[in-house]
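For reference, the structure discussed in these notes is given below.
Letters A, B, ... are given to chains in the order of the sequence lines, protein chains preceding strands, and every chain is numbered from 1. Predicted model, so just to flag it, every value in this text is computed and none were measured.
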Amino acid sequence: MSLILSEEQELLRDTARDFVQEHLSVKAFRAIRDQDVADGFDRKIWAELCELGWAGIPFSEEVGGAGLGFAELGVVLEELGRTLAPTPLLATVALGGTAVALAGNETQQKEILTAVCAGERLLALAFQETPRFNPEVVETRAETAADGYTLTGEKRLVVDGHVADTLVVTARSADGSVGLFLVDAGAAGLSVERTRMVDSRNAANVRFDGTPAQALGDPTASAAVVDEVLDRAMIALSAEMLGGIQESFERTLQYLKDRDQFGVKIGTFQALKHRAADWFCEVELARSIVLMALRGVDDAAPNLPQLASAAKARTSDVYIQSGEEGVQLFGGIGMTDEEDIGLYLKRARVTELWLGDGDYHRHRFATLEGY
Amino acid sequence: MADLDTFRSETRSWLEANCPAEMRTPPKSAFDVAWGGRKAEWASPEQKQWLDVMAEKGFTVPTWPKDCGGAGLSKAEAKVLKQEMRALGCRPPLMSFGITMLGPVVLEYGTDEQKRKFLPPIARGDIRWCQGYSEPGAGSDLASLQCKAERDGDDYVVNGQKVWTSEAHLSDWIFCLVRTNSDASKHDGISFLLIDMDDPGVEATPIELISGASMFCQTFFDNVRVPVNHRIGAENAGWTIAKKLLQHEREMLSDPGGSGSPTGARKRGTLADDARLSLGASEGPLPDTALRERIARLELDTLCYKATLTRSADGAKAGRGVGPETSMFKLYMSELNKRKSDLRVRIRGANGLGWTGEGFARDDLAATREWLNSKAESIAGGTSEIQRNIIAKRVLGLPD
Ligand SMILES: Cc1cc2nc3c(=O)[nH]c(=O)nc-3n(C[C@H](O)[C@H](O)[C@H](O)COP(=O)(O)OP(=O)(O)OC[C@H]3O[C@@H](n4cnc5c(N)ncnc54)[C@H](O)[C@@H]3O)c2cc1C
């Protein structure tokens with residue numbers, strides 16, 4: 001698949017951009033933050049997004065999806081990333097939904113994904129147990145029970161866990177294998193604590209105490225599936241991050257052209273020009289690898305894990321760099337809450353550390369490549 | 001597409017029938033790829049034979065028109081040819097500045113007569129060209145060049161000096177920027193001249209580099225007579241052509257494995273292979289975690305860089321030409337190559353410190369020399385600082 005957008009994808013981007021600018025601007029995000037909206041997003045707008053078909057982009061037409069791919073999902077996520085729009089798209093569709101699509105049996109796919117596409121169900125993927133991302137650590141236990149399983153353990157940084165109707169959870173069975181399980185929001189022995197993160201988004205700390213659960217597909221056969229789900233999650237997140245990277249770069253570039261000091265635009269200073277030029281290269285490289293990874297999902301690329309790590313390593317490094325450069329080049333005003341650039345730095349921090357930062361992914365890449 | 005398939009199968013059989021077995025092994029050094037010219041020294045009879053059959057087909061410059069020595073192929077066909085050559089492991093038959101730099105601007109700006117005169121010998125590898133741009137006082141600020149050409153009847157008389165002229169001592173002709181009007185502003189008084197280095201008054205003397213090689217020269221012009229019809233484009237309009245040529249040069253220099261990269265011509269093991277050998281670690285994660293991290297970082301940056309080249313090529317297919325974004329490629333590629341050459345020495349530790357002779361393996365000595373040579377990457381063809389200036393101005397639109 002070509003690394004530039006097709007005409008259809010450009011059309012989707014334009015539609016998405018218009019919608020996002022109108023309904024999901026940075027201003028709208030600030031309103032949600034300032035009112036401390038309990039859900040952390042606007043349900044009315046989410047319903048409209050689902051009507052536009054965004055929640056079903058990568059899912060099959062049988063479940064009410066659009067039958068498109070990650071390339072298209074990425075287009076939309078990038079636009080949402082540009083305005084820091086808080087929506088359930090990432091957690092429900094790219095993470096939880098992907099897990100159901102990859103690991104679920106036919107009945108589960110039909111039931112859950114149909115509801116997701118229709119905007120009637122929110123999902124969250126609960127996998128992280130350690131402070132730093134390390135998906136190999138799974139101490140949450142799954143024990144067989146009369147009609148299914150019970151889960152015991154704790155998860156953190158469960159993005160959108162506080163609003164999810166269904167949690168998709170990684171847990172270890174008695175035989176040591178790691179699998180995926182479904183837990184309903186109201187289940188017994190489940191406690192969900194909403195946290196407010198530095199980027200004003202919400203994740204949950206989730207505790208399972210003998211909580212009834214259902215296996216997603218075959219739990220003993222799904223160890224590899226967990227990796228596949230996480231690869232896709234990293235790639236989708238990278239697409240959102242790319243939007244934030246591009247936007248913070250463009251906003252700063254504009255500031256260099258607008259701000260006067262010493263009687264000239266600060267963009268005339270060579271020290272700043274060179275930083276902008278290097279930053280531009282980084283942004284372009286990030287875009288290329290994200291596009292390649294998104295297409296890698298759709299084309300079933302044999303080196304998809306490498307592409308996922310390449311994309312996440314890059315966007316992690318470049319987004320945090322973009323946030324830092326942005327604040328620095330805006331000067332004093334960059335430190336204020338009133339100026340948007342700092343919001344990008346905060347989102348950069350969260351998305352950088354979520355699902356593995358640059359160091360994690362370089363290490364993983366080396367392992368995947370056999371050194 | 002059916003046509004392209006036919007072209008592919010025809011090309012493959014032709015290559016199989018015509019590419020000598022010796023030319024299907026990876027080149028061991030830069031000398032294993034022909035650069036042509038009157039002073040060419042052939043590494044083997046097969047090297048010459050391979051060049052001759054390819055040139056006859058027009059395949060040394062596949063997209064050039066037939067009457068200019070090319071095969072008149074479309075871009076798609078040229079890509080197929082490249083793919084088939086790669087599939088069979090065929091070496092490039094010929095590399096030269098004529099092909100990558102001069103040819104494209106003669107095609108764009110030359111008269112029909114100039115095209116027919118200058119292009120076929122480039123395609124055949126008969127004439128080797130070098131680049132006479134830089135002068136002692138004009139490097140990054142190229143437009144301040146002083147080498148002078150004064151009109152005398154149907155000739156120009158050229159006087160002055162060029163410097164850093166790569167491979168001038170092995171070349172036959174030089175494309176030169178000369179000042180034809182000293183009164184105009186510095187960009188407006190420059191012309192683009194083609195000069196035969198056998199002409200009386202031209203002299204090139206090699207300069208020794210930090211790597212010990214002498215691949216570039218000082219080139220002197222003392223009352224050299226050059227016919228006016230060896231000027232490309234109008235008098236005093238050379239700057240536009242000069243800049244266009246630089247874009248082609250930067251494009252060449254940003255091709256990993258292209259003639260511009262010092263490591264490109266030689267096929268080598270991966271950095272991880274080098275590290276295993278040096279660390280004596282036959283399997284498992286490399287025990288030197290700092291080295292491992294450096295290697296992964298470089299490999300990932302390379303992957304992202306290549307993805308960007310692919311994206312740019314996909315963009316070109318959709319109708320975008322060579323523009324100032326080549327500066328980005330040049331900038332990034334130079335820094336990548338420098339880091340890679342640096343890492344090869346770093347990995348080798350004490351084995352990477354040899355200069356000559358006993359006690360060092362050939363491959364280790366080569367790595368050291370390559371590290372030194374690689375420093376040129378961010379200087380030649382416009383320094384990295386200049387590339388950043390160009391990006392800031394032309395791509396990002398930052399004010400002067
Ligand atoms: C291996 C090699 C091969 C070469 N081959 C050829 C050839 O075949 N033909 C040819 O004509 N030339 C050739 N060159 C010359 C090359 O193009 C010049 O060296 C180059 O353009 C830099 O010019 P300079 O050496 O005069 O350095 P200078 O221009 O003096 O630069 C010195 C330093 O100042 C910096 N600098 C200069 N101006 C600015 C600015 N405006 N902003 C910020 N920093 C600036 C530079 O980046 C550099 O770091 C070759 C050079 C090398 C190393």
Side-chain angles (χ1 to χ4, degrees), chain A residues 1-7 249-250 253-254 256-258 264-270 272-293 295-296 303 306-307 309-315 317-318 358-359 361-371, chain B residues 270-276 279 281 283-287 289 291-318 320 325 327-333 335-336 384-385 387-400:
Chain A
M1 220 192 289
S2 167
L3 289 186
I4 56 171
L5 299 187
S6 66
E7 273 177 37
F249 174 66
E250 286 174 10
L253 188 62
Q254 191 57 48
L256 295 180
K257 296 177 186 176
D258 291 342
V264 292
K265 302 292 176 205
I266 57 172
T268 58
F269 302 140
Q270 194 180 53
L272 303 194
K273 284 183 175 169
H274 283 196
R275 278 161 82 160
D278 284 332
W279 186 2
F280 167 76
C281 291
E282 294 300 328
V283 174
E284 290 299 306
L285 263 69
R287 173 168 303 281
S288 308
I289 196 67
V290 168
L291 289 173
M292 186 173 266
R295 279 148 186 72
N303 63 338
Q306 279 93 326
L307 290 177
S309 275
K312 186 61 174 60
R314 193 99 211 154
T315 47
D317 290 352
V318 179
D359 292 337
H361 283 290
R362 276 184 289 280
H363 172 74
R364 178 173 183 252
F365 183 83
T367 307
L368 289 166
E369 289 286 294
Y371 62 89
Chain B
T270 63
L271 290 167
D273 292 341
D274 279 10
R276 285 208 182 289
L279 299 168
E283 56 191 38
L286 294 173
T289 51
L291 213 47
R292 180 171 182 263
E293 142 86 8
R294 273 184 194 259
I295 294 172
R297 198 178 269 275
L298 185 67
E299 297 288 353
L300 280 165
D301 288 349
T302 307
L303 180 62
C304 293
Y305 177 73
K306 286 186 177 164
T308 308
L309 284 180
T310 309
R311 181 157 71 89
S312 159
D314 287 346
K317 263 186 251 157
R320 279 200 293 119
E325 67 269 17
S327 284
M328 171 181 118
F329 293 120
K330 158 79 165 89
L331 173 60
Y332 207 86
M333 183 73 193
E335 302 298 332
L336 264 185
S384 287
E385 289 73 24
Q387 305 312 319
R388 290 186 182 97
N389 289 349
I390 294 173
I391 293 169
K393 183 174 168 131
R394 307 251 171 245
V395 185
L396 304 180
L398 286 169
D400 278 333

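- Ranked by heavy-atom pairs shorter than 4.5 Å toward chain A, the options B:Ala392, B:Ala281, B:Ala296, B:Gly284 are led by B:Ala296.
- To the nearest 0.5 Å, atom NZ of residue B:Lys306 and atom CD1 of residue A:Ile289 are 11.5 Å apart.
- Two residues are said to be in side-chain contact when any heavy atoms from C-beta on lie closer than 4.5 Å; B:Tyr332 and A:Glu282 meet this criterion.
- Counting heavy atoms from C-beta outward, B:Arg292 and A:Thr367 have side chains that approach closer than 4.5 Å.
- Per-residue heavy-atom pair counts under 4.5 Å with chain B were compared for A:Arg287, A:Gln270, A:Arg275, A:His361, and the maximum is reached by A:Arg287.
- Counting heavy atoms from C-beta outward, A:Asp278 and B:Leu331 have side chains that approach closer than 4.5 Å.
- When heavy atoms are compared at a cutoff of 4.5 Å, A:Lys265 approaches chain B solely by way of its side chain, counted from C-beta outward.
- Residue B:Asp273: no heavy atom, backbone or side chain, is found under 4.5 Å from chain A.
- In this structure, A:Gln306 CD and B:Leu303 CG are separated by 9.0 Å, a value rounded to the nearest 0.5 Å.
- For A:Glu369, no part sits under 4.5 Å from any heavy atom of chain B, backbone or side chain.
- Looking at B:Ile295, the atoms closer than 4.5 Å to chain A (heavy atoms on both sides) sit in the backbone and in the side chain alike.
- Applying the ring pair (Phe, Tyr, Trp, His ring centres under 6.0 Å) rule to A:Phe249 yields the partners A:Trp279; only residues at least two apart in sequence or on another chain are considered.
- Rounded to the nearest 0.5 angstrom, A:Leu253 CG and B:Leu398 CG are separated by 5.0 Å.
- In this structure, chain B has no heavy atom under 4.5 Å from any part of A:Gln254.
- The candidate from A:Lys257, A:Glu284, A:His274 with the greatest count of non-hydrogen atom pairs under 4.5 Å with chain B is A:His274.
- If you measure heavy-atom distances from A:Arg314 to chain B, the contacts under 4.5 Å come from the side chain alone.
- Residue contact with chain A, scored on non-hydrogen atoms closer than 4.5 Å, involves the backbone and the side chain of B:Glu385 alike.
- Within 6.0 Å of the CZ atom in A:Arg364, the count of heavy atoms belonging to other residues, nucleotides or ligands exceeds 12.
- Taken to the nearest 0.5 Å, the CG atom of A:Leu285 stands 11.0 Å off from the CG atom of B:Leu300.
- The backbone N or O of A:Ile4 sits nowhere less than 3.5 Å from a side-chain atom of B:Asp314 that would complete a donor-acceptor pair.
- For the pair A:Lys273/B:Asp400, a side-chain contact is recorded, criterion being any heavy-atom separation below 4.5 Å from C-beta on.
- When the candidates A:Ala311, A:Ala366, A:Ser309 are compared by the number of heavy-atom contacts under 4.5 Å with chain B, A:Ala366 comes out ahead.
- Looking at heavy atoms from C-beta onward, B:Thr270 lies out of side-chain contact with A:Tyr371 at the 4.5 angstrom threshold.
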